[in-house]
Amino acid sequence: MFNTDIRLREWCLGTFEAENSKDFIKHILEHNKNFKANELNEHLPEICNAIKLSDITGMAETFDDITKRLVSFFNDVGKRHINIGGGKILVVTHAFAIKTILHIFAYNELKNIDKISNSSVTIIAYDGREFNVNAVNKFLYKKWLIISVKP
């Protein structure tokens, strides 16, 4: 079965959509002088808020909004699959969405990665109570996020 869910969409960068990543990072660092380029993953809320404040399109979301929609997705999918006996779920999404998921469920993992690579796999297990990250940014097939649900 294949389903799409808008809650898995990437961050909207508003004014910075399709911007060169070097220019984007330069702007973020100019706006947030209290951290360095190698610390960006640790400051996702500040980065997101800088994007929101700089966005003249009105399309960018707050970090809280992004977090709420991702948590909502995971809770819904986890509970639905617990109720049918568990199983594996393949989730395909974007790098900033995956970083946000890590920020929510495994913040310390963000310090161990520079970026979410194309074709990487992140594995998350759900036991009916909590989500646990078992692997991050591993190379198997595509940029996949896999949730294993066991009652």
Side-chain angles (χ1 to χ4, degrees), residues 1-14 16-19 21-22 24-25 28-29 31-32 34-53 55 59-151:
M1 179 191 319
F2 175 77
N3 295 311
T4 59
D5 194 309
I6 195 167
R7 293 174 292 181
L8 291 172
R9 70 187 178 276
E10 181 63 294
W11 287 18
C12 176
L13 301 178
F16 297 105
E17 284 294 327
E19 182 72 50
S21 61
K22 288 180 183 178
F24 169 73
I25 291 171
I28 295 301
L29 291 173
H31 194 311
N32 292 284
N34 59 331
F35 54 86
K36 298 173 178 59
N38 65 344
E39 301 172 333
L40 292 179
N41 286 343
E42 298 172 45
H43 297 282
L44 292 179
E46 295 93 338
I47 291 168
C48 189
N49 293 335
I51 293 167
K52 178 73 173 164
L53 289 172
D55 179 31
M59 295 172 52
E61 298 172 273
T62 65
F63 192 75
D64 188 50
D65 290 338
I66 295 167
T67 299
K68 284 179 183 174
R69 70 175 158 83
L70 290 169
V71 167
S72 170
F73 169 81
F74 276 85
N75 285 331
D76 288 352
V77 168
K79 288 175 186 172
R80 184 176 331 124
H81 283 80
I82 284 289
N83 289 336
I84 62 171
K88 292 189 178 184
I89 305 159
L90 174 65
V91 176
V92 181
T93 191
H94 305 273
F96 267 117
I98 294 171
K99 284 183 179 186
T100 305
I101 291 162
L102 292 174
H103 187 275
I104 297 164
F105 298 128
Y107 177 76
N108 287 330
E109 291 293 328
L110 286 172
K111 297 176 185 177
N112 299 326
I113 59 171
D114 180 35
K115 67 177 202 164
I116 299 295
S117 301
N118 289 333
S119 303
S120 71
V121 175
T122 296
I123 300 174
I124 299 176
Y126 180 63
D127 63 6
R129 294 181 318 267
E130 63 185 4
F131 293 92
N132 293 295
V133 176
N134 294 336
V136 176
N137 210 30
K138 301 298 180 193
F139 291 96
L140 298 176
Y141 302 106
K142 300 228 179 248
K143 190 184 292 183
W144 292 352
L145 175 66
I146 301 171
I147 307 169
S148 176
V149 179
K150 296 180 182 171

>> Would Ile113 and Leu102 count as a side-chain contact (heavy atoms from CB on, under 4.5 Å) here? Give the steps.
In response: CA-CA 11 Å; Ile113 59 171; Leu102 292 174; 3.9 Å; yes
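Considering only residues two or more places apart in sequence or on other chains, Lys68 meets the side-chain contact (heavy atoms from CB on, under 4.5 Å) condition with Asp64. Checked against side-chain hydrogen bond (donor to acceptor under 3.5 Å, both in side chains), Asn137 has the following partners two or more places apart in sequence or in another chain: Ser120. Under the side-chain hydrogen bond (donor to acceptor under 3.5 Å, both in side chains) criterion, Arg69 pairs with Glu61, sequence neighbours left out. Residues forming a side-chain contact (heavy atoms from CB on, under 4.5 Å) with Asn83 (at least two apart in sequence, or on another chain): none. Under the side-chain contact (heavy atoms from CB on, under 4.5 Å) criterion, Ile104 pairs with Thr67, Leu70, Val71, Thr100, not counting sequence neighbours. Taking the ring pair (Phe, Tyr, Trp, His ring centres under 6.0 Å) definition, one finds that Phe16 meets it with Phe24, His27, sequence neighbours left out. Considering only residues two or more places apart in sequence or on other chains, Asp76 meets the side-chain hydrogen bond (donor to acceptor under 3.5 Å, both in side chains) condition with Arg7. Under the rule for a salt bridge (Lys or Arg N to Asp or Glu O under 4.0 Å), Asp65 has no partner lying at least two apart in sequence or in another chain.
Here the closest heavy-atom approach between residue Ala106 and residue Val133 is recorded as CB-CG2, 3.5 Å. Minimum heavy-atom separation, Met59 to Cys12: CB-SG, 3.6 Å.
Between the CH2 atom of Trp11 and the NE2 atom of His94 there is a distance of 13.5 Å, given to the nearest 0.5 Å. Atoms CG and CZ, from Leu8 and Phe74 in turn, are 6.5 Å apart once rounded to the nearest 0.5 Å. Going from atom CD1 of Ile51 over to atom CZ of Phe96 covers 6.0 Å, rounded to the nearest 0.5 Å. To the nearest 0.5 Å, atom CG of residue Asp55 and atom CG of residue Leu13 are 9.0 Å apart. Considering CG of Asn75 and CZ of Phe131, their distance stands at 5.0 Å, rounded to 0.5 Å. Atom OG1 of Thr122 sits about 8.0 Å away from atom CD1 of Ile101, to the nearest 0.5 Å.
The side-chain heavy atoms of Ile123 and Lys138, taken from C-beta on, include no pair separated by under 4.5 Å. Counting heavy atoms from C-beta on, the side chains of Val77 and Tyr126 never come closer than 4.5 Å.
Within the structure, the salt bridge (charged side-chain N to carboxylate O under 4.0 Å, His left out) test picks out no pair touching residues 96-111 (sequence neighbours left out).
Taking a 6.0 Å sphere around CD1 of Ile84, one finds it holds more than 12 heavy atoms contributed by other residues, nucleotides or ligands.
Side-chain atoms of Glu10 do not come within 3.5 Å of backbone N or O of Thr93 as any donor-acceptor pair. Between the side chain of Asn41 and the backbone N or O of Asp114, at least one donor-acceptor pair lies under 3.5 Å.
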